[in-house]
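Notes follow the structure.
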Amino acid sequence: MHVLLATSELNPYSKTGGLADMVSALARALAGPATGAGLKVSVVTPLYRGVAEAHPGIEPTSWRLAIPLGDGLVEGRFHCCKPSANLTLWFVEQPGFFDRAGLYNESNRDYADNAARFIFLSRAALILARHLPDPPTVLHCHDWQTGLIPILARHARLQAGWTQPPRTVFTIHNLAFQGSFPASTWGLTGLPSDWLHLESALHFERVNFLKAGLTQAQAITTVSPTYAQEILTPEYGCGLEGLLLKRYNDLSGILNGVDYEEWNSASDPALPAAFSAGDPAGKAVCKATLQRELGLPDRSDVPLFANISRLTDQKGSSLLVETVRALLDAGESLQFALLGSGEKALENAFRDLAKRFPDQVAARIGFDPALSHRIEAGADFYLMPSRFEPCGLNQLYSLRYGAIPIVRATGGLKDSVVDPRDNAAQATGIQFAPYSATALQKAMMKALALWQEPAWLRHIRHNGMTADFSWEKQSAEYIALYDSVCRE
Ligand code: ADP
């Protein structure tokens with residue numbers, strides 16, 4: 001079987017969030033010998049600014065593109081690299097669209113031509129799928145940026161003589177981002193105007209790329225079993241719950257895995273000391289070094305809490321500010337380290353908190369993958385009070401790096417962290433349910449109590465560090481799904 005993954009982000013070439021990590025790790029797991037699947041895997045993604053320069057393995061090809069977009073013809077070219085025998089990465093060069101400072105936006109403002117940019121990517125993916133000498137049997141699309149691929153493939157089959165387009169799978173990484181554009185955008189797709197209707201991409205009089213993927217793909221997945229259930233409800237369905245209910249039989253939730261080559265505390269080049277579940281001593285060195293790096297007092301006796309994320313309502317960032325402030329005002333002994341960027345008001349709130357409590361709070365505003373590894377390694381507890389969380393990756397990294405996760409019981413957080421109340425022997429972290437500062441505060445107080453019980457703390461930490469969320473395990477579910485859509 002040959003699977004083509006289409007994505008707008010791919011770690012380590014481009015990343016704003018978990019999508020980049022997931023596609024890159026899934027592709028490698030599917031192509032790797034560890035699964036024994038013998039899958040051939042290709043990935044198609046934009047060639048963003050600086051990518052070719054930073055990764056000399058990526059070579060330009062002679063395969064040029066001329067794709068009609070509305071009344072114009074937009075030219076481009078494929079670049080390619082082959083990291084392993086079964087894995088080929090295709091990068092779509094189109095400097096006007098992709099040679100920019102950001103992936104989707106700059107200064108928190110979306111690019112005005114995002115629809116055109118990702119229609120171009122989607123059409124390039126289909127050209128690749130159609131003309132590769134060994135064409136893919138499955139085309140696996142990720143998030144709204146590639147949501148039009150299934151309908152474009154159907155059109156090519158019915159009207160453009162493509163007798164055997166691949167089967168399509170669409171994965172929702174975050175239902176809140178839908179790619180919603182004015183109805184006039186449809187003209188850019190090259191699809192007939194009567195193909196835009198409520199059963200395809202029309203949603204509240206607009207073209208909705210995500211909806212197009214959900215209505216047209218053969219199978220739909222999302223990134224955790226709990227989120228797959230949550231999105232069927234008005235609270236989490238973002239207006240698409242009715243459609244998802246209709247497609248219930250084609251919808252499944254598959255938890256993301258971790259790339260344990262990148263997240264291996266025993267060999268992580270970003271860390272000052274190595275450690276593992278069997279030999280945890282180096283974690284204390286990581287903590288002390290991190291405290292110094294962040295300008296916090298080097299105190300092994302004070303628990304260090306951390307959070308790394310986009311600063312937005314989804315991630316519960318304002319709950320974090322409120323709760324950490326309340327606990328510090330009450331004189332609790334703790335430290336808190338934040339790495340993140342996003343909404344300006346939240347960035348400022350964390351900066352203010354750090355100014356007010358310089359010995360307890362460090363706030364690094366920015367995007368820094370190496371520092372994110374050092375924070376996971378140095379922290380004692382990791383806070384994830386998300387309003388919703390399709391899967392979440394940082395709690396998985398935290399488990400392996402011995403930072404006990406404290407999570408709101410939603411989506412993938414609920415599926416990956418075991419609370420002592422549910423199973424004391426296998427507990428890996430702390431869960432709380434209401435989305436409120438009071439509930440988060442209670443959960444943090446439990447963590448402070450746990451800090452006073454070293455034997456319990458070691459037990460829970462050890463369980464987390466030995467839990468297996470490897471992609472070798474998780475990718476088997478995707479392989480079973482690909483097999484089933486091919487048999488349909
Ligand atoms: P989402 O995709 O919703 O942002 P995930 O938890 O699925 O959330 O994935 C976020 C990914 O982005 C993780 O790998 C996380 O470490 C990384 N990340 C988020 N913010 C930052 C940051 N400021 N610096 C470095 N890495 C970050």
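Quick note: numbers below take in every heavy atom, side chains included, and nothing from hydrogens, waters or symmetry partners. Whatever order the structure lists them in is the order used to number ligands and atoms, beginning at 1.
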Taking the six-membered ring of Tyr435 as reference, does the NZ or CZ atom of Arg408 fall below 6.0 Å from its centre and within a 45° cone about the axis? no
Contacts for ligand 1, heavy atom under 4.0 Å, by chain and number, are Lys15, Gly17, Gly18, Asp21, Ile308, Ser309, Arg310, Lys315, Leu339, Gly340, Gly366, Phe367, Asp368, Pro369, Ser372, Gly392, Leu393, Asn394, Tyr397
Between the OH atom in Tyr48 and the CD atom in Glu9, the distance rounded to the nearest 0.5 Å is 6.5 Å
The side-chain contact (heavy atoms from CB on, under 4.5 Å) partner of His173 among Thr222, Thr221, Leu19 is Leu19
Interatomic distance, CH2@Trp90 vs OG@Ser42, rounded to 0.5 Å, equals 7.5 Å
| query | Is the shortest side-chain N to carboxylate O distance from Asp380 to Arg461 below 4.0 Å? | reply | yes
To the nearest 0.5 Å, atom CG of Leu26 lies from atom OH of Tyr478 at 6.5 Å
